[in-house]
Amino acid sequence: MRYVSTRGAAPELDFEEAMLTGLAHDGGLYVPETVPEFDLGELAALAGRPYEEVAQRVIAPFVGDSFSREELAGAIARAYAGINHPARAPLAQLGPNHFLLELFHGPTLAFKDFAMQLIGQLFELSLKRRGRRATIIGATSGDTGSAAIEAFAGLEAVDVVILFPDGRVSAVQRRQMTTPAAANVHALAIEGDFDAAQARVKDMFNDFAFRDAVGLAAVNSINWARVLAQVVYYVTAALSLGAPHRSIDFTVPTGNFGDIYAGSIARRMGVPIGRLVIATNRNDILHRALETGEYAPQGVAPTISPSMDIQVSSNFERALFDAYDRDGAAVAQLMQEQRARGGFRISQGALEALREGFASGRADEADTADTITRTHRDAGLLLCPHSAVGVKVAGEHLGAAPMVTLATAHPAKFPDAVEAATGHRPELPARLADLFDLPERFTRVPDDMGAIQSLIRERISA
Ligand SMILES: *Cc1c(COP(=O)(O)O)cnc(C)c1O
């Protein structure tokens with residue numbers, strides 16, 4: 001399987017190279033040249049099979065020759081052994097035809113564990129084989145950072161550096177990043193918002209000398225291997241609800257567009273997914289882009305669903321690439337416009353293609369709190385604020401097909417918002433019970449690329 005850049009001007013890579021590289025050298029994102037399709041009989045036969053078995057079947061064709069069958073099976077087994085539920089991604093029911101896909105039973109209680117745990121195992125295999133070291137770097141609006149740290153802490157061939165926006169992540173999120181004691185973990189609090197953190201990470205990747213000197217590797221949601229891991233739970237959820245014999249709709253709380261893009265890959269593989277609904281909080285650039293055709297970032301407004309407080313949605317570039325009939329030059333032009341004037345207009349043809357693939361909606365702060373209250377009252381379930389954004393928007397898109405809303409984090413990651421809406425303070429699962437007793441370890445950094453780079457050089461040589 002070959003991977004091409006969304007901007008059309010970087011070398012084609014195989015799976016392993018695309019995973020290790022992250023961002024393409026032309027600034028684009030890697031996507032598979034073709035999407036392999038399921039044989040329908042084979043898809044039907046996967047219904048009711050263990051998560052790991054479905055994962056192997058979904059992931060193997062995209063990996064090609066990069067890892068052997070046994071290597072991949074071992075990585076998948078180690079990655080998902082830490083998900084504390086026998087189904088890994090179980091469904092709960094919210095209403096007659098509305099289901100919740102619980103993606104929060106992993107070590108950091110958010111869906112990002114599904115991708116990060118696997119990518120940790122694959123990096124380990126790959127770097128050891130090559131006798132190389134890497135510096136994993138990521139910007140986080142909260143959950144990516146802890147998921148990366150959990151996945152990479154203590155591994156021999158990597159350092160993991162995480163930039164998070166100072167003061168804009170919840171106490172649980174911050175402590176999950178700052179309390180791990182492993183020496184290869186470096187948590188940096190940047191004076192700025194998530195978009196600033198993400199921009200500095202991108203700048204570091206575009207500084208090729210630095211990139212090569214420290215063996216920079218990204219595990220942000222731009223990394224294709226992460227998107228790929230997320231395809232699996234769309235398949236298991238759809239199969240549990242009757243696919244391939246009937247069509248299933250999904251609503252996805254979205255910021256960086258990674259998770260919902262994975263859903264579109266599952267659909268292209270032949271899983272009968274009808275609507276894929278983008279659910280945004282009031283940082284609603286994706287919803288506005290689909291409504292108006294104008295991709296126009298505004299300032300980021302802090303919300304009670306901070307992991308979606310994003311105005312530059314990186315993975316949306318992959319959807320644009322498809323919508324522009326995989327014309328890398330056209331996508332490069334749009335990104336150039338975004339840099340020059342802060343936004344761009346989506347062509348009429350591409351907009352129609354996007355609207356065919358995705359519906360959208362938004363929830364403001366009051367909607368989100370109200371949804372947490374009502375879901376607790378009506379179904380007895382506590383939702384985290386991100387999942388509540390999804391449930392609210394899904395409610396506006398219910399149809400004849402079963403609707404699955406992705407529950408992206410455990411309510412105990414956001415106890416204040418949940419308690420304010422329900423009067424119940426969700427408890428952390430036992431394995432995180434000592435989180436507030438452990439000492440924190442992190443470094444504050446200015447929003448300045450040079451300062452961040454020297455700190456990283458210092459740390460990884462120590
Ligand atoms: C990261 C995250 C999201 C957004 O996911 P994207 O892939 O960026 O769209 C939603 N909810 C939670 C809890 C998250 O951690």
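For ligands, and for the atoms within them, numbers begin at 1 and follow the listed sequence.
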| task | Give the residue and atom name of whichever protein heavy atom lies nearest to atom 4 (C) of ligand 1, and the separation in Å to one decimal. | result | Gly255 N, 3.7 Å

| task | State the atoms of ligand 1, each with its element, that fall below the 4.0 Å cut-off from a heavy-atom position in Ala409. | result | 13 (C)

| Cut-off 3.5 Å, side chains only: do Asp159 and His186 have a donor facing an acceptor? | yes

| remark: of all protein heavy atoms, closest to atom 8 (O) of ligand 1 is Asn256 N, 2.8 Å

| task | Kindly say whether the aromatic ring centers of Tyr51 and Phe114 come within a distance under 6.0 Å. | result | yes

| field | Pair Asp322 + Arg326: basic N to acidic O under 4.0 Å | value | yes

| query | Near Glu294 CD, under 6.0 Å, is it more than 12 heavy atoms from other residues, nucleotides or ligands? | reply | yes

| Hey, does Lys112 come in under 3.5 Å of ligand 1, counting only N/O atoms on both sides? | yes

| Would you call Asp309 and Arg168 a salt bridge, taking side-chain N to carboxylate O under 4.0 Å as the test? | no

| query | Relative to the heavy atoms of Thr254, which atoms of ligand 1 are at a distance of less than 4.0 Å? | reply | 9 (O)

| N or O contact, Phe414 vs ligand 1, cut-off under 3.5 Å | no

| request: Identify whether the distance between the nearest side-chain nitrogen and carboxylate oxygen of Asp416 and Arg425 falls below 4.0 Å. | output: yes

| field | Phe111 to ligand 1, any heavy atom closer than 4.0 Å | value | yes

| request: Mark yes when over 12 heavy atoms from residues, nucleotides or ligands other than Glu356 sit less than 6.0 Å from its CD; otherwise mark no. | output: no

| Is a donor on one side and an acceptor on the other found under 3.5 Å between the side chain of Arg355 and the backbone of Leu290? | yes

| message | Suppose we measure from atom 11 (N) of ligand 1 to each protein heavy atom; which comes out shortest, and what is that distance? | response | Thr408 OG1, 2.8 Å

| Atom indices of ligand 1 within 4.0 angstrom of Pro253 heavy atoms, with elements | 4 (C), 10 (C)

| query | Quick one: does ligand 1 sit under 4.0 Å from the side chain of Lys413, the backbone, both or neither, non-hydrogen atoms only? | reply | neither

| field | Contact (N/O only, under 3.5 Å) between His386 and ligand 1 | value | no

| Hey, is ligand 1 close enough to Asp259 that some N/O pair sits below 3.5 Å? | yes

